[in-house]
Amino acid sequence: ISGTVVTGSGTGVLGDSKTFKTFSTADGYYMFDGTRGNGIYTYDGRNQTRIPGSLWLDADNRFNTSYDRAAVDAHTYAAWTYDYFRNVHNRNSYDNAGAELVSTVHYGRSYNNAGWTGSQMIYGDGDGYNFRAFSGSLDVVAHELTHAVTDFSADLIYQNESGAINESMSDIFGTLTEYHFNNNPDWLMGEDIYTPGTPGDALRSMADPTLAGDPDHYSKRYTGTQDNGGVHINSGIGNKMAYLLANGGTHYGVKVTGIGNDKVGKVMYRTLTQYLTPTSNYSHFRASAVRAATDLYGASSAEVASVKQAFSAVGVY
Ligand SMILES: CCCCC[C@H](S)C(=O)N[C@@H](Cc1ccccc1)C(=O)N[C@@H](C)C(=O)O
Ligand SMILES: [Ca+2]
Ligand SMILES: [Ca+2]
Ligand SMILES: [Zn+2]
């Protein structure tokens, strides 16, 4: 279809106003952003599970109904996350070749999750009690898009320790993206969409994974079969490591000197894209991060020392 890139405006899940790129055609305004890579496309799942659904079309380029809100945030935050990987890590979309970013909102009925299907993002509306629309939280969108980056790089198998590292990488870049845009940043995950009736809580805390009952030390890892071998449980070990590496602290008697968010981003991005493999476990994650930090800062650098301290603090050698 022929048309022109224009700027739309709308209301997000939290009731906030934002603008984003849309495509003006004879049919109306599509949620297609033609300014980033091969395009960002947002679809309406119409509360079914057929994907991608129908490309979001609006009559007047103003997206202010309650039904529009999930689409506004999915479309906007996909663009922001594209910009984060492009501007901070010089990566052009998840395949580093400008791959289209496709999202479907209103996926399923009261679906309490978001995900990366292997080719697109899907966002449930939540049941309105445990969760509200998942695209309403930037850390969720960046979490899902990071799975795409992971699939096109380390391709960590989504189970057991490699799956926990996969999940942790998504939480790490979800948080770093939130800080990059200074979007009420924190080391919590999903705070904007978790239990709308309860302020201040979150699905996970990277600063203290034990708040969600997840391990903050390798000796406390889950070894059962639930959750694909604990991918959202043992992610706490990598999450705590990253929190300590960025912010510093003493954990189980081990002192970590923080190196700041930006350097954590550089070390983790290089670790993910240059050294981790599909079967990497936590021990290989440590070795890979040490190599990445050595490449970036030198073997005798403070950054390399901090990486070792952070992994030691969570019991990974
Ligand atoms: C469609 C299949 C779902 C696979 C799991 C996805 S990748 C996932 O990890 N989703 C995140 C959503 C999220 C992200 C950041 C912050 C809050 C919530 C997740 O953690 N889902 C939880 C509910 C889970 O699957 O246990
Ligand atoms: Ca957060
Ligand atoms: Ca809440
Ligand atoms: Zn995930």
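Residue numbers run from 1 in the order of the sequence given. Whatever order the structure lists them in is the order used to number ligands and atoms, beginning at 1.
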Tell me, with the steps shown, if T76 and D73 meet side chain to side chain donor-acceptor pair (under 3.5 Å).
CA-CA 5 Å; T76 303; D73 282 345; 5.3 Å; no

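- Enumerated by chain and number, the residues approaching ligand 1 to less than 4.0 Å through a heavy atom are Y111, N113, A114, G115, I122, V140, H143, E144, H147, Y158, E167, M189, G190, L203, R204, H232.
- If you check the side chains of D208 and T210, you find a donor sitting under 3.5 Å from an acceptor.
- Side chains of T150 and N166: no donor on one and acceptor on the other come within 3.5 Å.
- Under a cutoff of 6.0 Å and an axis angle of 45°, K263 and Y297 form a cation-pi pair.
- Defined by atom type and a distance below 3.5 Å, a donor-acceptor pair is present between the side-chain atoms of D44 and Y67.
- I172 and Y179 fall within the same hydrophobic cluster, where Ile, Leu, Val, Met, Phe, Trp and Tyr residues are linked whenever their side-chain heavy atoms come under 4.5 Å apart, directly or through other members.
- Within a 6.0 Å sphere centred on CG of D83, heavy atoms belonging to other residues, nucleotides or ligands number more than 12.
- Hydrophobic clustering (ILVMFWY, side-chain heavy atoms < 4.5 Å, transitive): M169 and V149 are in one cluster.
- In summary, no N, O or S atom of L138 is located under 3.0 Å from the Ca ion (ligand 2).
- For the 3.5 Å distance criterion, the side chains of Y275 and D295 qualify, holding a donor opposite an acceptor.
- The nearest N/O/S atom of D139 to the Ca ion (ligand 2) is OD2.
- Within 6.0 Å of CZ on R86 lie more than 12 heavy atoms contributed by other residues, nucleotides or ligands.
- Distance check: L296 CG to K266 NZ gives 7.5 Å after rounding to the nearest 0.5 Å.
- Looking only at its N/O/S atoms, D186 has OD1 as the one nearest to the Ca ion (ligand 2).
- Nearby protein atoms of type N, O or S around the Ca ion (ligand 3) amount to 5 (distance under 3.0 Å).
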